[in-house]
There are 2 protein chains.
Amino acid sequence: MVNIHDVARKAQVSVATVSRVLNKSSAVSFSTKIRVEQAITELNYEPSTLGRNLRKLESRLLLVLIPSISNPFYTDVIKGIEDTAINLDYNILLCQTNSNPKRESIYFNLIKNHLADGIISMDPTVNKRNLMDLAEKHPIIQCSEYDIDGSIAYTTINNELAAYHAIRYLIKIGHKKIALINSDEKFLYARERRQGYERALKEFGIELNLSWVYHAESLGFEGGQQAMRQLLNHPNRPTAVFAVSDILAIGALNEIHTNGLHIPNDIALVGFDNISFSTMTHPTLTTISQPMFKMGCIAAKMIINKIQGKKVESIILDHDLVIREST
Amino acid sequence: MVNIHDVARKAQVSVATVSRVLNKSSAVSFSTKIRVEQAITELNYEPSTLGRNLRKLESRLLLVLIPSISNPFYTDVIKGIEDTAINLDYNILLCQTNSNPKRESIYFNLIKNHLADGIISMDPTVNKRNLMDLAEKHPIIQCSEYDIDGSIAYTTINNELAAYHAIRYLIKIGHKKIALINSDEKFLYARERRQGYERALKEFGIELNLSWVYHAESLGFEGGQQAMRQLLNHPNRPTAVFAVSDILAIGALNEIHTNGLHIPNDIALVGFDNISFSTMTHPTLTTISQPMFKMGCIAAKMIINKIQGKKVESIILDHDLVIREST
DNA sequence: TTGAAAGCGCTAACAG
DNA sequence: CTGTTAGCGCTTTCAA
C-alpha cells in the first residue's frame, strides 16, 4: 500500500504538506499543490481512513442496530436513515444483532473505538443497562423502540394511541368480540399496544376477555398462524382480530383461509406497520401505518445533531389507520 | 478514554506487558498478570480496535454488499454468512449499495483501509471493473451473482438449469402456452434463466412466442402486477407463467386474482427463490428453491479462506423445484 | 508557505 | 519473564 510518505517523497515535500492538500486545510502554494496532486494520481494513492480516524477520533460512520433484517418494517426506516445520513456526509453500517448480547457488544465496541461516531438502535431486546452506560459517553438514540425511563432520546409513534384507534374503529363498525394477537410483552411496544386495546374496550363498555388475548410465540408468520389456530378453536370465537404486526396478521389471515372462513365476513382483521406485503394479501389488510421513512430521517437527524454536540429532544410521530378489505 | 498506558502505569508494568496479557501472546508471570488484570478492571479499560487494526492490518470484519435489504431472498443468505463468520471469529457488516456507485466506493474504501478484511458481494449492479481491480489486491468473493468471465471466485446456483427445470415441469403437466416474467437482462441471472426457459421450450418442440416474454420494470410486487396485466390482455393468453422471482410471482398472483381468474385452473404460476412469503399466498406458490442459508455459509467460508491466503474455487449449488398449489 | 516532530492506541521485534 | 523502542498512516501544532 502506498502511503503518505511515498507521496511526499515523490512530490519532494513533507508529509505535512501532503496532508494539507489532502484536507484543503491551510494554504499551500499553487505549484506545490500541483506537484502533490500529480504524485497522488501517479502513485494511485488513497489516504487511509484508519490512520485518519485514529488521529481525528471521528469516522463519519453511523451504526444502525436492528434485531433482524427479515422484518420488512425496518426496510423503509433504514431508507430514511440512509437518505438523510448520506446527505449530511455520513455513511451507515447495518448491524443485525439477532437479539444476541454478544453481537451487541461487538457493535458497541465499534463506537467505543471511534470506528463509528454514533448508534441508532432499533433493537428492542438490546441490553438497556449497557446501552445506557454507553449513552453516557457516546452519541446514541433509539428509533421505534425506546426506554420509557431512559435518558436516551428517541423517535417513535404513540403505540398506545395507535392500538386504541385500531380497536375503536373495529368497535365502530360493529364488533364486540375482538381478539388481540400480541407479541411478547417484554417489548415495550407490545405492552403499550395492549394498553390501547384495553382502553378502547373499556371506553365502549366492552368487557375484557383475557382468553382472547394471545401472545405469539414467534414474530414470524407461524406466530400468527399458531395464535389464530387457538382463537379459531375458542368456544366463543371472536369476530375481529387485531394483530400487533402485519406479519402476524398475515399468518392469521392464512390460518383463517385454511379453515375455510371468510375475511371480513366471518372474521375481520387488522394488522400493524403497513408493510408492502399487506397490499398483496387477499383480501388486502387493514392496518396501522407508521411513517417509517420519516422516522428514519428523523432518527438520522437526531443522531447527527447529537454527534455534533447539539441538544436533541425525543419526537413522537403520527400514525394512520389504513382501511382496506380485511375489515 | 483510558488507554494501555494508563493500565501500564497503574499496574506498574510496561505497555508491552499489558499488551501481552491482553493478547495472551507470550508468557507473563502469574503475579504481574493478576496486577495487570486488576488494573484493567479497576480502570474499566477496553482496548482500542482502531489502534490494534492499524498495527495488525487486520480487522476481522467482513463486508457484505447487498443491493437492498428489502428483498427477502437475502435474509437467509445473510443468516448463513453470519452463522459461519461468527463461528470463525469474524463479524459482518451489512452494506446496502442501492446499486449506487458512490456508495460502492465508500464501502470499497473500508477494505482498502483495513477496516474490513474481505468483501462478499451480492450486488449484481456493482461496477465490475472496480470490483475486479479491487479483487486483485483484496479478498473478494461473489455470492449468487457473479461475472462469467471474471477472475473472482463465486458461489451460486445453476440458473439456466433451474429455469429449465421449472419450464420442463410446466410442460409435463400439460402446459404449452408458457409466459416468462423476467427481470432486466442486464443481470446475468436474468439472461441465464431466460436461456433455460428457451431451452426447455425448444426441447419439447414448443415454439418461442416473444410476446409472452415480459421484462418487469421493477423488482417489487408492482413489477409482477404490471407484467401480468399485460399478459392477461394478450389476445392469446398463456396458461402458465414463470416469474424469475417470488416477489414478481406474488405481484402476478395478485393481478390474476384481481381479474377474477383462478390459479392454477386458469393460469398456473411458478416463482423463484422460495422466500417465506411464498407459503403465505393463496394459493401457495410453486417455486424454485435456492439453498440460501447454505449459500451464505459457503460464501463466508470462501472469503475467510481467501483472507487466510488459501486458494478458493467457485462452487455451484443445487436447487430444488418445490411444487405447491399454484400449479 | 513549508517542515519537523509529536502523538492517536496498539503490537512485536529485540534485548536483557 | 519483562521493558524499550519502532512503527502502523495520518493530522496538527509549533517554529522557521
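Proteins come first, then strands; the chains are lettered A, B, ... in the order of their sequence lines, and each starts at number 1.
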Separation of atom CD1 in A:I40 from atom C1' in D:dC10, rounded to whole Å: 13 Å
Take atom NZ of B:K24 and atom C1' of C:dA12, then tell me their distance rounded to the nearest Å. 17 Å
What is the distance from CD1 of A:I4 to C1' of D:dT12, rounded to the nearest Å? 12 Å
Exactly one of B:I303, B:I298, B:I307, B:I119 clears side-chain contact (heavy atoms from CB on, under 4.5 Å) with B:I141, and that residue is B:I303
Answer with base, sugar-phosphate or nothing: what part of the nucleic acid does B:N23 contact at a heavy-atom distance below 4.0 Å? sugar-phosphate
Check the pair B:D6, B:K10 against salt bridge (Lys or Arg N to Asp or Glu O under 4.0 Å), reporting the backbone distance first and the verdict last. CA-CA 6 Å; B:D6 301 327; B:K10 178 130 197 159; over 6 Å; no
Nearest-angstrom distance from the residue atom CG of B:D6 to C1' of C:dC10: 13 Å
Could you pull out all donor-acceptor pairs under 3.5 Å where a side-chain atom in residues 62-69 of chain B meets a protein atom, sequence neighbours excluded?
{"from": "B:S68", "atom 1": "OG", "to": "B:S70", "atom 2": "N", "distance (Å)": "2.9"}
{"from": "B:S68", "atom 1": "OG", "to": "B:S70", "atom 2": "OG", "distance (Å)": "2.7"}

Can you tabulate the close N/O pairs, meaning under 3.5 Å, that link protein atoms to atoms of nucleotides 6-8 of chain C?
{"from": "C:dG7", "atom 1": "N2", "to": "A:R55", "atom 2": "NH1", "distance (Å)": "3.1"}

Has A:R35 got a side-chain atom pairing as donor or acceptor with A:A11's backbone, closer than 3.5 angstrom? yes
Looking only at side-chain N and O atoms, does B:R52 come under 4.0 Å of OP1 or OP2 in C:dT11? yes
NA contact type, B:Y45, heavy-atom cut-off 4.0 Å: base, sugar-phosphate, or nothing? sugar-phosphate
Check whether any side-chain N or O of B:T49 sits under 4.0 Å from OP1 or OP2 of C:dC10, and answer yes or no. no
Looking at A:P291 and A:I157, what are the two nearest heavy atoms and their distance? CD-CG2, 3.8 Å
Taking the basic N atoms (NZ, or NE/NH1/NH2) and the acidic carboxylate oxygens, is any pair closer than 4.0 Å for A:K112 and B:E46? yes
Rounded interatomic separation in angstrom, taking CZ from A:R20 and C1' from D:dT11: 10 Å
Check the pair B:Y146, B:T155 against side-chain hydrogen bond (donor to acceptor under 3.5 Å, both in side chains), reporting the backbone distance first and the verdict last. CA-CA 8 Å; B:Y146 66 103; B:T155 178; over 6 Å; no
Of B:R35 and A:V2, whose closest DNA chain D nucleotide lies nearer the 5' terminus? B:R35
For A:D184 and A:A190 the tightest heavy-atom approach is O-CB, 3.3 Å
Quick one: is D:dT12 close enough that its OP1 or OP2 comes under 4.0 Å of any side-chain N or O from A:S19? no
Indicate yes or no for a side-chain donor-acceptor contact from A:D273 to the backbone of A:S245 under 3.5 Å, with no hydrogens or angles considered. no
Is it the case that more than 12 heavy atoms not belonging to A:Q12 sit under 6.0 Å from its CD atom? no
Whole-Å distance separating the CZ atom of A:F30 from the P atom of C:dT2: 12 Å
With DNA chain D as reference, determine whether A:E46 or B:Q12 sits nearer its 5' end, using the nearest nucleotide of each. B:Q12
Rounded to 10°, tell me the angle between the two end axes of the helix from C:dT1-D:dA16 to C:dG16-D:dC1, each built from five pairs. 40°
Between B:S29 and D:dT2, is there a side-chain N or O to OP1/OP2 distance below 4.0 Å? yes
Check the distance between D:dC1's P and B:I34's CD1 and give it to me in whole angstrom. 14 Å
May I ask you to verify if any side-chain N or O of B:S14 is less than 4.0 angstrom from the OP1 or OP2 atom of D:dG3? yes
